[in-house]
2 protein chains.
Amino acid sequence: MAAVRQIAGPCQAWPEDSAFIREVLDRIGDKWTMLIVSTLDAGPLRYSDVQASIPGISQRMLTQTLKHLERDGMLVRTAYPEVPPRVEYELTELGRSLMEAVMAMAAWAAAHHREIAANRAASELTGVGRSKAPAGS
Amino acid sequence: MAAVRQIAGPCQAWPEDSAFIREVLDRIGDKWTMLIVSTLDAGPLRYSDVQASIPGISQRMLTQTLKHLERDGMLVRTAYPEVPPRVEYELTELGRSLMEAVMAMAAWAAAHHREIAANRAASELTGVGRSKAPAGS
DNA sequence: CGGCATCCAAACGGATACTG
DNA sequence: CAGTATCCGTTTGGATGCCG
């Protein structure tokens, strides 16, 4: 692999190896991928069930994201040739392993979101990263 | 968001609130954040040095991303009041901890990118996730 | 039920020009 | 040197309508 050399030390960046991470982040960084994966982590679900489990999603984004995940081998699509069409989506092992990796990120987020929120609020007062926020008054 | 209710199984899922993860992903999921963080992981750098370290970035995106990172407390900006202006950016502990979390994702990406690429190539042949690719002939 | 196709608004992001 | 401001193309994603 040779991608991630040392973690602890001052590792000299990884512009050359960043393609993998960029690729993964482009995939899970979108608005719905992780929600779908986490929903499917419970077990196989039908199209409409997935949609019902994710309140704000549109058919367009649901279908598109499902296709991307299927294309990457994160899940398998099974269509049953019945009179009322039934299609089920189920995570693969790869998809579940992604879930675990994302859980690590989630753990970090849960551990630091307070700190981040506090920093952001403080910056709001001092006007550090101000771009075009109305700032109350 | 309450989209991810309760999940049974091996991975027990994250807390019912996925807002943290979405927030973090929205921040690191953009095009340049990780590149900048990884560049700064080596040590403090000046504006132009960061720019030089990241070939394709524009001033607009560099400045914007730096401000976002500063606002979230991932880095600190130090401006020296000299005749030729000098500004240095340095990662905070929070920023370095993010780096570690991302490195974990990178490790996953490095471990599975081959598998993903293979799945994608296979799907290309079978025409699974096809949307509007010309597909050669 | 499970999509796909189209339209359209907002956000993202690059190129350029200008400033302190 | 270290930005800011503006213009503009590209991408994202929601809303709608149709179809097997």
Side-chain angles (χ1 to χ4, degrees), chain A residues 18 22-23 25-36 39-40 44-71 75-90 127-133, chain B residues 1 3 22-23 25-36 39-40 44-71 75-90 123 127-135:
Chain A
S18 63
R22 285 303 311 279
E23 219 168 308
L25 244 58
D26 283 351
R27 178 104 359 265
I28 70 170
D30 64 25
K31 215 172 173 183
W32 305 109
T33 295
M34 290 195 325
L35 278 315
I36 292 178
T39 299
L40 255 42
L45 285 179
R46 316 178 43 160
Y47 183 88
S48 42
D49 289 336
V50 177
Q51 189 172 24
S53 298
I54 306 176
I57 199 170
S58 62
Q59 303 89 333
R60 175 166 151 66
M61 282 302 106
L62 178 56
T63 301
Q64 180 177 306
T65 309
L66 284 172
K67 285 205 166 187
H68 282 155
L69 288 170
E70 183 192 6
R71 196 179 68 139
L75 54 81
V76 287
R77 189 191 106 122
T78 311
Y80 299 91
E82 301 172 358
V83 186
R86 182 165 60 97
V87 179
E88 283 195 342
Y89 294 89
E90 182 173 16
V128 172
R130 186 70 50 79
S131 289
K132 44 195 161 189
Chain B
M1 234 179 219
R22 285 303 311 279
E23 222 168 305
L25 242 60
D26 282 350
R27 179 104 357 265
I28 71 172
D30 65 25
K31 213 173 175 183
W32 304 109
T33 295
M34 290 193 323
L35 279 315
I36 292 178
T39 298
L40 256 42
L45 285 179
R46 317 178 39 159
Y47 183 90
S48 42
D49 289 336
V50 178
Q51 189 172 23
S53 298
I54 306 176
I57 199 169
S58 60
Q59 304 90 331
R60 175 168 149 71
M61 282 301 108
L62 178 56
T63 301
Q64 180 177 303
T65 308
L66 284 172
K67 285 202 167 187
H68 282 155
L69 288 171
E70 184 191 7
R71 195 179 67 140
L75 55 80
V76 287
R77 190 192 105 119
T78 310
Y80 299 91
E82 300 172 358
V83 185
R86 182 165 60 97
V87 178
E88 284 196 343
Y89 293 90
E90 183 174 14
S123 300
V128 172
R130 186 71 49 80
S131 288
K132 44 193 162 188

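Letters A, B, ... mirror the listed sequences (proteins, then strands); counts begin at 1. What you see is a predicted model, and the numbers here were worked out from it, not measured in a lab.
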Examine [N]: is either OP1 or OP2 under 4.0 Å from a nitrogen or oxygen in the side chain of [X]? Give yes or no.
X	N	value
A/K31	C/dA11	no
B/R77	D/dA2	no
B/K67	D/dG3	no

Of the nucleotides [options], which has the atom closest to the [X] side chain?
X	options	answer
A/Y89	C/dG3, D/dT6, D/dG13	C/dG3
A/P85	C/dG13, C/dC1, D/dA2	C/dC1
A/R60	C/dG13, C/dT6, C/dT16	C/dT6
A/R46	C/dG13, C/dG2, D/dG13	C/dG2
A/S48	C/dT16, D/dT16, C/dG2	C/dG2
A/V87	D/dA15, C/dG3, C/dC4	C/dG3

Is it true that a side-chain atom of A/R86 and a backbone atom of A/T78 form a donor plus acceptor pair closer than 3.5 Å?
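Not at all, since once roles are kept as given, no pair shorter than 3.5 Å links the two residues.
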Any sub-3.5 Å donor-acceptor pair from B/T39's side-chain atoms to B/V50's backbone N or O?
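No; judged by distance alone, with no hydrogens or angles, the pair does not exist.
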Could you tell me the separation between the [atom1] atom of [X] and the [atom2] atom of [N], rounded to a whole number of Å?
X	N	atom1	atom2	value
A/L62	D/dA15	CG	P	14 Å
A/E82	D/dG20	CD	C1'	16 Å
B/R27	C/dA11	CZ	P	15 Å
B/Q59	C/dA17	CD	P	12 Å
A/Q64	D/dG14	CD	P	10 Å
B/D26	D/dG13	CG	C1'	13 Å

